[in-house]
Amino acid sequence: MIVQHNHPLNALNTFGISARAAQLVRIQSEDDVQAWLSDPLHRSAPSLILGGGSNIVLTGDVKSVVLKVEIMGRRLVSEDDKSWVVEAGAGESWHDWVEWTLSQGWPGLENMALIPGTVGAAPVQNIGAYGVELQDRFDSLDAMDLHTGERFTLRAEHCGFGYRDSVFKHASAPGPLDWGQSSGEIRSMGLAGRVLITRVRFRLPKVWRRDISYLDLSRKAEACGNLNPDAKTVFDWVCEIRRSKLPDPKVVGNAGSFFKNPTVSAEQCADIIARDPGVVHYVLADGRFKLAAGWLIDACGWRGKTLGHAGVYEKQALVLVNRGDAQHPCTGGEVITLAKAIQTSVYERFGIRLEMEPVLV
Ligand code: EPU
């Protein structure tokens with residue numbers, strides 16, 4: 001276990017916001033978690049778990065102890081006639097993991113190529129892109145209870161996966177937890193800050209089915225005259241599409257989509273279509289509609305705008321970006337001010353409250 005004091009977090013959050021952690025603890029194994037739990041510092045301060053820092057906005061120096069998860073490792077756990085079960089350490093880069101599984105001949109994660117962040121953070125917000133979500137390929141995960149050090153395994157039914165949501169995003173109940181409880185009981189407890197995910201396993205079916213139903217991918221297939229791409233081609237297309245419309249965090253600081261796509265009733269959707277026929281909407285299985293938040297923000301005139309040193313990306317209004325520099329850094333406060341101004345505009349025009357996706361720290 002490595003402990004660093006007064007550590008800068010600029011390079012550890014993809015928005016590139018300047019802030020410091022009083023203490024940063026690098027967790028490289030399950031033993032490091034145990035060592036941390038018996039460290040006196042553990043009892044004196046709360047902790048914050050950090051993966052790739054791709055879904056947070058730092059609003060100031062971090063008072064909590066930052067636990068930077070760097071548990072590595074990739075392996076095939078098992079295989080049968082139907083599927084491969086593969087496992088990655090929580091600290092592995094998500095994109096490198098997707099690329100590696102493909103190179104081993106285990107397709108299935110290609111639609112989620114190039115999503116920033118780590119494997120351990122992926123279940124927390126149930127990452128998803130181009131028609132596939134983590135929950136569609138999830139097998140199970142190993143985690144440790146940050147109060148007791150107990151190790152346990154959770155399957156999908158424990159994790160409460162939803163659209164950009166899971167049990168790991170919800171505040172945890174105080175008091176002891178019993179990992180032997182039913183999945184419903186674990187789901188209702190909320191596990192945010194309570195557990196540290198150490199390893200994640202994926203079940204990749206041997207009968208691979210391409211999913212190019214997402215509009216951007218089906219358009220690409222038509223443009224390339226290839227309606228039956230293999231997994232590597234889908235991977236390449238997803239990378240190309242993402243690079244063309246989403247900023248590379250290494251070049252322009254950002255936290256991916258800043259708002260969730262809102263869900264509205266059929267009546268609300270019809271009402272908005274009557275006023276704005278161009279609104280991008282998708283019907284859901286329950287008859288409700290999901291609207292493209294990027295379109296709503298764009299329609300309010302925000303695309304390409306800047307407020308302070310925070311801005312709205314020119315090619316995708318759902319992404320807020322860092323427009324600061326070394327002399328004039330972008331602060332978390334400026335990002336929140338911009339996000340709130342956008343929420344107000346969208347509410348005033350469409351009557352919809354956009355929900356922020358990243359976690360404010
Ligand atoms: N649109 C506009 N103007 C904009 C942005 C979007 O009109 O400024 C329209 C697009 O033309 C399109 C629609 O809105 O018709 C949807 O846009 P897009 O296909 O880019 O997808 P999205 O709904 O904005 C979601 C995810 C992304 C994911 C893509 C592809 C959320 C919050 N975002 O974006 O995820 O990559 O679909 O699957 O669900 C992330 O979570 O960080 C992320 C990037």
Side-chain angles (χ1 to χ4, degrees), residues 13-15 51-57 94-95 98 109-118 121-136 161-166 169 211-220 234-235 237-249 252-264 269 272-273 276-284 289-305 311-321 335 339 342-343 345-346 349-350 352-359:
N13 73 100
T14 60
F15 222 109
S54 59
N55 202 41
I56 56 168
V57 178
W94 172 262
H95 177 71
V98 172
L109 301 177
E110 57 283 345
N111 290 48
M112 294 182 281
L114 222 55
I115 295 182
T118 55
V124 177
Q125 56 153 340
N126 184 25
I127 59 169
Y130 302 101
V132 179
E133 286 185 327
L134 172 120
Q135 65 174 338
D136 302 324
F161 290 128
Y163 167 58
R164 295 295 191 275
D165 197 24
S166 77
K169 272 185 118 171
D211 186 343
I212 53 168
S213 53
Y214 199 87
L215 190 62
D216 284 345
L217 279 176
S218 54
R219 276 195 189 139
K220 184 83 190 160
V234 175
F235 172 90
W237 287 354
V238 168
C239 291
E240 210 180 300
I241 294 165
R242 287 188 74 100
R243 286 194 176 107
S244 71
K245 58 174 13 176
L246 296 169
D248 178 352
V252 181
N254 74 90
S257 300
F258 206 89
F259 301 96
K260 293 183 182 179
N261 285 331
T263 301
V264 296
C269 190
I272 294 172
I273 292 170
D276 285 281
V279 64
V280 178
H281 57 287
Y282 319 91
V283 67
L284 300 174
F289 284 82
K290 187 170 270 193
L291 306 182
W295 188 92
L296 300 172
I297 298 166
D298 197 358
C300 292
W302 280 103
R303 186 151 54 86
K305 290 274 167 62
V312 181
Y313 193 54
E314 302 76 21
K315 296 182 199 163
Q316 164 54 293
L318 195 51
V319 179
L320 303 194
V321 293
V335 178
I342 291 171
Q343 284 174 320
S345 292
V346 170
R349 173 149 173 201
F350 297 104
I352 291 170
R353 291 187 196 282
L354 290 183
E355 194 186 330
M356 292 188 206
E357 214 203 302
V359 177

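Remember, it's 1-based here, ligands and their atoms both numbered in the order they're listed. From a predicted model like this one, the values you see are computed outputs, not experimental measurements. No hydrogens, no waters, no symmetry mates; every other heavy atom, side chains included, goes into these values.
Close approach of ligand 1 to D298 is summarised as follows: ligand atoms under 4.0 Å from at least one heavy atom of the residue are 2 (C), 3 (N), 4 (C), 7 (O), 8 (O). Residue A317 approaches ligand 1 through these ligand atoms, each under 4.0 Å from one of its heavy atoms: 4 (C), 5 (C), 8 (O). Using a 4.0 Å cut-off to heavy atoms of R303, the atoms of ligand 1 that qualify are 8 (O). If you number the atoms of ligand 1 from 1 as listed, the ones under 4.0 Å from a heavy atom of F259 come out as 32 (C). Residue-ligand proximity, G256 to ligand 1, at heavy-atom distances under 4.0 Å covers atoms 42 (O). Every atom of ligand 1 with a heavy atom of A292 under 4.0 Å away is listed here by number and element: 13 (C), 14 (O), 16 (C).
At least one N or O atom of S257 sits closer than 3.5 Å to an N or O atom of ligand 1. Residue contacts with ligand 1: V280 is placed with no nitrogen or oxygen under 3.5 Å of a nitrogen or oxygen of the ligand (distance criterion only). Ligand 1 has a nitrogen or oxygen under 3.5 angstrom from a nitrogen or oxygen of K245. In terms of polar-atom proximity, Q316 is counted as a contact of ligand 1, with an N or O under 3.5 Å from an N or O of the ligand.
For atom 18 (P) of ligand 1, the protein comes within 4.0 Å by at least one heavy atom. Distances from atom 43 (C) of ligand 1 to the protein include at least one heavy-atom value under 4.0 Å.
In terms of protein heavy atoms, atom 29 (C) of ligand 1 is closest to Y214 OH, 3.9 Å. For atom 38 (O) of ligand 1, the nearest non-hydrogen atom of the protein is Y130 N, 2.6 Å. At the shortest separation from atom 34 (O) of ligand 1 among protein heavy atoms lies L318 CD2, 4.0 Å. Given atom 1 (N) of ligand 1, the protein heavy atom at minimum distance is W295 N, 3.8 Å.
In this structure the side chain of I272 never reaches within 4.5 angstrom of the side chain of F289, judged on heavy atoms. You'll find the side chain of V359 stays beyond 4.5 Å of the side chain of V124, heavy atoms only. Between L217 and N111 the shortest side-chain heavy-atom distance falls below 4.5 Å. Contact annotation: the side chain of R243 approaches that of L114 to within less than 4.5 Å [non-hydrogen atoms, C-beta and beyond]. Using a 4.5 Å heavy-atom cutoff, the side chains of F258 and V57 are in contact. Inter-residue side-chain proximity for L296 and D276 is flagged as unmet; no heavy-atom pair is nearer than 4.5 Å. Here the side chains of S166 and L134 are not in contact, with every heavy-atom distance at 4.5 Å or above. In this structure the side chain of I115 reaches within 4.5 angstrom of the side chain of R242, judged on heavy atoms.
Not a single heavy atom of Y313 lies less than 4.0 angstrom from ligand 1. Using 4.0 Å as the threshold, R242 has a heavy atom nearer than that to some atom of ligand 1. Heavy atoms of Y282 come nearer than 4.0 angstrom to ligand 1 in at least one pair. At least one heavy atom of R164 sits less than 4.0 Å from an atom of ligand 1.
With rounding to the nearest 0.5 Å, the separation of CG in N55 from CE in M356 is 12.5 Å. Separating the CZ atom in F350 from the CG atom in L291 is a distance of 9.0 Å, to the nearest 0.5 Å. Atom CH2 of W237 and atom OG of S218 lie 9.5 Å apart (nearest 0.5 Å). To the nearest 0.5 angstrom, N126 atom CG is 5.5 Å from F161 atom CZ.
For atom 28 (C) of ligand 1, the choice among A129, S54, G131 with the nearest heavy atom turns out to be A129. When the heavy-atom distances from atom 25 (C) of ligand 1 to V279, V238, N261 are ranked, the shortest goes to N261.
Not a single donor-acceptor pair under 3.5 Å links the side chain of Y214 to the backbone N or O of A129.
Counting heavy atoms closer than 4.0 Å to ligand 1, residue Y163 contributes side-chain atoms (C-beta onward) but none from N, CA, C or O. The side chain of E357, and not its backbone, has at least one atom closer than 4.0 Å to an atom of ligand 1 (non-hydrogen atoms only; side chain from C-beta on).
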Next item on the list: Just do the side-chain contact (heavy atoms from CB on, under 4.5 Å) check on Q316 and L246 with the steps written out, would you?
Entry: CA-CA 7 Å; Q316 164 54 293; L246 296 169; 3.9 Å; yes

